[in-house]
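In listed order, ligands and their atoms are each counted from 1. In what follows, residues are counted from 1 in the order of the sequence shown.
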Amino acid sequence: MLLEGKIGLVMGVANKRSIAWGIAQSLQGAGARLILTYQNDRLGENVFKLARDLIDPILLGCDVGSDEQIDRLMSDIQEKVGRLDFIVHALAFAPREELAGSYVDTSREGFRIALDVSAYSLVAVAQRAVPLMKERDGSIITLTYLGSERVVSGYNVMGVAKAALEASVRYLANDLGPKGIRVNAISAGPIKTLASSAVSGISGMVRLHTERAPLRKPVETSEIGDTALFLVSPLSRGVTGEVLFVDGGYNILGV
Ligand SMILES: NC(=O)c1ccc[n+]([C@@H]2O[C@H](COP(=O)([O-])OP(=O)(O)OC[C@H]3O[C@@H](n4cnc5c(N)ncnc54)[C@H](O)[C@@H]3O)[C@@H](O)[C@H]2O)c1
């Protein structure tokens, strides 16, 4: 069991289709004990139901738009278990109206919210987790998408937020490496989830991916879960600051 005796935080489960839930299942299957967060009480109901399948989970609320809530999350973790071996940051948000039409029409407020929730939150969580993770060969992972480096119609401000997130991964990896903490991102291919349903054209993206990606099939959350397992386990102990694609090879294509 690769993660026997390890404790980790998984942020971003909304329902059974969430990438974070696919990751939680892979990590628990490898023996980890999990702390799951939910954004609000409404989503918390789903998470409480799903967590019945986990062994001895800890469930805590946390809206990453609030420093106070992240502070409270970390002090609850300190009190309940006193340490963290890994963190999975699988959350993002942009106002729905920013995910249709043209990027040139992005509003100041839409830009601020997308970058705050989807990119800055990784920094806010990482900086507070250091005391719980240092000298434990800790690993932090986040989720990104190809729209950070290529133009994907409708992805708009979220592509810019993912570019900031990927740059943050590299800066955080450099800062936290000397403390024994690695930081990496998984760039996932398109999957229909609660968040991605806000991106106009997501069904077409999944179809195009299935027709053209070298592996010629939709990406599954279990595939992302197993890559997350690699990245939080000692198998990837020499890897930090990287963006690893789990997209059936779609990103290698030209025309
Ligand atoms: N689905 C895809 O096609 C795809 C592809 C590549 C990357 N991703 C990324 O994967 C991650 C997970 O998304 P998903 O597709 O599983 O969708 P999802 O809707 O299942 O998960 C998104 C999560 O973000 C959480 N969230 C949003 N705002 C928050 C806030 N202020 N505080 C706390 N939590 C907040 C939601 O509660 C939800 O749990 C996101 O970073 C997304 O950008 C998704």
Leu54, Leu50: one ILVMFWY side-chain cluster at the under-4.5 Å cut-off? yes

Heavy-atom contact check, 4.0 Å cutoff: does Ser187 meet ligand 1? no

Checking Ile70 against Cys62 for the side chain to side chain contact (heavy atoms under 4.5 Å, CB included) test, could you report, in this order, the C-alpha distance in whole Å, the side-chain angles of both residues, the deciding distance, and whether it holds? CA-CA 6 Å; Ile70 305 173; Cys62 181; 4.0 Å; yes

A student checking ligand 1 against Leu43 at a 4.0 Å heavy-atom cut-off should list atoms 37 (O)

Just which atoms of ligand 1 are under 4.0 Å from any heavy atom in Thr193? 1 (N), 14 (P), 15 (O), 16 (O), 17 (O)

Name of the residue among Val64, Asp63, Leu60 meeting side-chain contact (heavy atoms from CB on, under 4.5 Å) with Leu73: Leu60

Polar contacts were defined as any N/O atom of the residue lying under 3.5 Å from an N/O atom of the ligand; does this apply to Tyr145 and ligand 1? no

Numbered atoms and elements of ligand 1 in range of Gly12, under 4.0 angstrom, heavy atoms: 21 (O), 23 (C), 38 (C), 39 (O)

Find all atoms of ligand 1 within a distance of less than 4.0 Å from any non-hydrogen atom belonging to Ser18, and give their numbers and elements. 16 (O), 18 (P), 20 (O)

Polar atom proximity, Ile19 to ligand 1 (N or O, under 3.5 Å): yes

Considering non-hydrogen atoms of the protein only, which is the closest contact for atom 36 (C) of ligand 1, and what is the distance? Gln39 OE1, 3.3 Å

Should the proximity of Val13 to ligand 1, defined as any heavy atom under 4.0 Å, be assigned to the side chain, the backbone, both, or neither? backbone

Atom indices of ligand 1 within 4.0 angstrom of Phe93 heavy atoms, with elements: 28 (N)

Identify, by atom number and element, the atoms of ligand 1 in contact range of Gly189, meaning under 4.0 Å from any of its heavy atoms. 3 (O), 5 (C)

Examine Leu91 against ligand 1 and note whether any of their N/O atoms are separated by less than 3.5 Å. yes

Are Ile140 and Leu172 side-chain neighbours, meaning at least one heavy-atom pair lies under 4.5 Å? no

Nearest non-hydrogen protein atom, atom 12 (C) of ligand 1: Ala90 O, 3.2 Å

Of Ile19, Leu229, Asp247, which is the lone residue that meets side-chain contact (heavy atoms from CB on, under 4.5 Å) with Ile224? Ile19

Residue, atom and distance of the protein heavy atom nearest atom 32 (N) of ligand 1 read Val64 N, 2.9 Å

Please determine if Thr144 has a nitrogen or oxygen closer than 3.5 Å to a nitrogen or oxygen of ligand 1. no

Spacing of Ser118 atom OG and His89 atom NE2 [to the nearest 0.5 Å]: 7.5 Å

Does a donor on one side chain sit under 3.5 Å from an acceptor on the other, for Lys192 and Ser203? yes

Please say yes or no: joined through hydrophobic side-chain contacts below 4.5 Å, possibly via intermediate residues, are Leu143 and Met11 part of one cluster? no

Checking Lys49 now: which residues fulfil side-chain hydrogen bond (donor to acceptor under 3.5 Å, both in side chains) with it, not counting sequence neighbours? none

Near Cys62 (heavy-atom distance under 4.0 Å), the atoms of ligand 1 are 32 (N), 33 (C)

Check: Ile191 N/O within less than 3.5 Å of ligand 1 N/O: yes

Check whether any side-chain heavy atom of Pro218 lies under 4.5 Å from a side-chain heavy atom of His209, and answer yes or no. no

Near Val117, which atoms of ligand 1 are under 4.0 Å from a heavy atom of that residue? 28 (N), 29 (C), 31 (N)

Quick one: sort the Tyr155 and Tyr145 rings into parallel, tilted or perpendicular, breaks at 30° and 60°. perpendicular

Looking at ligand 1, does Ser121 have a heavy atom less than 4.0 Å from it? no

Residue-level breakdown please: for Lys162 versus ligand 1, do any non-hydrogen atoms fall below 4.0 Å on the side chain, on the backbone, on both, or on neither? side chain

